[in-house]
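What follows is one structure encoded as structure tokens, with my remarks underneath.
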Amino acid sequence: MIAAKYVLTAAHCKVDDEKIPPDTVRLGDTNLATTEDDETAQQFKIVSFTVHEKFKKNRKYYDIALIELDREAKFNTAVCPICLWPHDNIHEYSSSLRAIGFGFTTYTSGMSPTLQKVSLNYYDSDSCNNELPKDARLRYGLTSDQFCTKTPHKDACLGDSGGPLQIDLSDVTRTIPYLTGVVSFGTGCWDGSMGVYTKVASYINWIRERVNVTVDPIECARNTECLAVRSFSDSRLSPQNNSPFFKVEYQRF
């Protein structure tokens, strides 16, 4: 969710394999198998699903879309919009990228009933291009508005499409999540697999033409009041260019 009535996702999610479009968005529910967190959940009907005008279903480019909800979400610690990351410097946060979703945890596991998070590493585009299987839908190779991750024993998987790839930066006493990518496609879910993401920074103007949302990282952080205050006792903080932001690198024990 990037604004009270809008969710950013992948264009290829407009219909499923059986050509059925989604009709519902559910927010604030991290366990779909129980009713434990239903009191924080909010459910909405989809009013519109706007795919990028250059997206083609037989290609893997321009894979981005906006979902409009039937009403505004009520912000709280369980439902809070993510800030957009407008800079083309994802490689600087290589080990800090995190994908989130309800997708498969193994290639044959089926969808996960609980929300999962995985830390992923940025993978340079030249290497990724060279290793991607030949595909007519990717006839031009990776373009500047796409990027890759590759991490031993970790990846996004089936069912994670359209989900976020984010970086978490700390601002005084809070962790601010920033949306860097949207899950587009990959080479499977196995040790050595790669994930390809639509780069949000490349579509900032496209998003702003349709949604009234700030793209200034500091302004967004200062105006995001629904994020809970969190402890950083398990983190190592290093200042970035004398700004009020800090890169969060979790310690390994």
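Every value quoted in this text rests on a predicted model; they were computed, and no experiment measured them. All residue numbers refer to positions in the sequence shown, counting from 1.
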ask   = Between R208 and V213, what is the shortest heavy-atom contact and its length?
value = NE-O, 3.6 Å

inquiry  = Looking only at the side chains, is there a donor atom on one of S193 and D155 sitting less than 3.5 Å from an acceptor on the other?
reply    = yes

query = Would F44 and R71 satisfy side chain to side chain contact (heavy atoms under 4.5 Å, CB included), going step by step from the backbone distance to the final call?
reply = CA-CA 7 Å; F44 306 84; R71 65 188 188 281; 3.6 Å; yes

Q166 versus D168, side-chain donor and acceptor atoms under 3.5 Å = yes

query = Are R210 and E68 side-chain neighbours, meaning at least one heavy-atom pair lies under 4.5 Å?
reply = no

inquiry  = In terms of relative ring orientation, are Y62 and Y203 parallel, tilted or perpendicular, with 30° and 60° separating the classes?
reply    = perpendicular

ask   = Taking atom types as modelled and ignoring hydrogens, do the side chains of D37 and T40 form a donor-acceptor contact shorter than 3.5 angstrom?
value = no

task = Answer yes or no: is there a side-chain heavy-atom contact under 4.5 Å between Y61 and F55?
result = no

query = Would Q116 and T114 count as having a side-chain donor-acceptor pair, cut-off 3.5 Å?
reply = yes

key: Pairwise side-chain contact, L120 with Y197, heavy-atom cut-off 4.5 Å (strictly under)   = yes

ask   = Does K199 pair with D88 as a salt bridge, N-O distance under 4.0 Å?
value = yes

key: Any side-chain heavy-atom pair of L138 and L132 under 4.5 Å   = yes

ask   = So, D63 versus S184: side-chain donor-acceptor pair below 3.5 Å or not?
value = yes

inquiry  = Any non-hydrogen side-chain atom of F49 less than 4.5 Å from a side-chain atom of P22?
reply    = yes

query = So do the side chains of Y178 and I176 get within less than 4.5 Å of each other, counting heavy atoms only?
reply = yes

inquiry  = For a quick test of reading the model, state the closest non-hydrogen atom pair linking A11 to A65 and the distance between them.
reply    = CA-CB, 3.8 Å

ask   = Going by heavy atoms in the side chains, are Y6 and M1 under 4.5 Å from each other?
value = no

